[in-house]
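Just so it is clear: chains get the letters A, B, ... in the order the sequence lines come, proteins before strands, and each one is counted from 1.
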Amino acid sequence: MDECSNSIELRLPSRLGFEKVAMNTAASVARLMGFSDERVEDLKTAIAEACINAMEHGNKLDETLCVGVILSMGPDSLEVKVLDAGKGPQGRTAAPDIDRKMHEQEEARGMGIFLIESLVDEVEWVSSPPVGSYARLVIRLDPAKD
Amino acid sequence: MQEKVTRVKLEEVLCNSGALITVLRFAGDITSASKAAVLGTYEGIPGSTKRILLDFSGVDYLNSSGIALIIQMMIAASKSSQTIQTFGLKPHFQKVFTMVGITKYTTLHPDEESACAAFSA
């Protein structure tokens, strides 16, 4: 019961569009915790992008594979783990370069990880083969504290 | 589950300056499923059109794949020497557009009037 008092778990099919279930659940939790509207919007985008990555790259859009989402409420932060069956991002992802994109030297896509890293306070990618990997996102009620 | 559909309305409006502007009014979600709605609608605009206004007032959800489609549209517009002005983005998406650098290629305006005025500036 202790586990249940501070955490919420979801299992989503690897089907684009279902990231909104995680996004809206996380937004509800964050609002209950007292996060500002601006921080809730940041979290919504970050968690949606993490779920899309998990569906597309981790689970290769195989609908028989689930994306797990675990929301853990702390006294002053919300931790989100997004789990998939893949290996996690390989190597460091460069920030998008809009000039290179506009000149078609870089794909127009590929901004998800950059957005996640820019919008939450802490991000890590944990690979645990052969089980899979997860993204761990932390958003703090008062980021100025750290 | 079906994703919320992207709705796009193509209009021509007469700005205060007297200039005729083509407006793409987006509503709903803009995601990877929006390619036909975004790029297909853009392709319906004649190449002779030089001023395009993007209205995001009705957009509820925009993810990185949707932003990539907007960038692809801007690349095509740039090749046709078309100018794009933007308005109606919710504050969070204004922040996201700024973060990824799109604001280097289109200005985000608070409303349609100021976006229209920017064409004649």
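Neither V120(A) nor L83(A) shares a network with the other; the hydrophobic side chains, linked directly or stepwise wherever heavy atoms of I, L, V, M, F, W or Y lie under 4.5 Å apart, form separate groups for each. One hydrophobic cluster, built from ILVMFWY side chains closer than 4.5 Å, cannot hold both Y134(A) and V82(A); they sit in different ones. Both L43(A) and V21(A) belong to a common hydrophobic cluster when Ile, Leu, Val, Met, Phe, Trp and Tyr are linked at side-chain heavy-atom distances under 4.5 angstrom. When hydrophobic clusters are built by joining Ile, Leu, Val, Met, Phe, Trp and Tyr residues whose side-chain heavy atoms come closer than 4.5 Å, directly or via intermediates, V29(A) is grouped together with V40(A). With hydrophobic clusters built from ILVMFWY side chains whose heavy atoms lie under 4.5 angstrom apart, L39(B) shares a cluster with L10(B).
Interface remark: D42(A) contributes backbone and side-chain atoms alike to the contact with chain B (heavy atom separation under 4.5 Å). For D99(A), the parts lying near chain B are the backbone and the side chain together; criterion is any non-hydrogen pair under 4.5 Å. In this structure, the portions of I102(B) lying under 4.5 Å from any heavy atom of chain A include both its backbone and its side chain.
Residues of residues 46-61 of chain A that come within less than 4.5 angstrom of chain B, heavy atom to heavy atom, are A48(A), E49(A), I52(A) in numerical order. Inspection of non-hydrogen atoms places M102(A), H103(A), E104(A), A108(A), R109(A), M111(A), G112(A) of residues 102-112 of chain A under 4.5 Å from chain B. Using a 4.5 Å heavy-atom cut-off against chain A, the contacting residues of residues 74-86 of chain B are M74(B), I75(B), S78(B), K79(B).
Under 4.0 Å is where a charged nitrogen must lie from a carboxylate oxygen, and between K95(B) and E41(A) no such pair does.
Rounding to the nearest 0.5 Å gives a distance of 11.0 Å between CE of M99(B) and CD of E117(A).
In plain terms, the two heavy atoms of M23(A) and Y61(B) that are nearest each other are SD-CE1, 3.6 Å. Heavy atoms only, all atoms of each residue included: L115(A) and S64(B) are closest at CD1-CB, 4.1 Å.
Remark: C66(A) pairs with no residue by the disulfide (SG to SG under 2.5 Å) rule, at least two apart or across chains.
With a 6.0 Å radius and a threshold of 12 heavy atoms from other residues, nucleotides or ligands, D62(A) has its CG atom above the threshold. Other residues, nucleotides and ligands contribute at most 12 non-hydrogen atoms within 6.0 Å of the CD atom of E113(B). Atom NZ of K9(B) is surrounded by 12 or fewer heavy atoms from other residues, nucleotides or ligands within 6.0 Å. Within a 6.0 Å sphere centred on NZ of K87(A), other residues, nucleotides and ligands contribute 12 heavy atoms or fewer.
Among the candidates I67(B), I71(B), L69(B), the residue making the largest number of heavy-atom pairs closer than 4.5 Å to chain A is I71(B).
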Review point. Can you list the steps and then say if N63(B) with E19(A) is a side chain to side chain contact (heavy atoms under 4.5 Å, CB included)?
Key: CA-CA 10 Å; N63(B) 64 24; E19(A) 76 277 6; 3.9 Å; yes
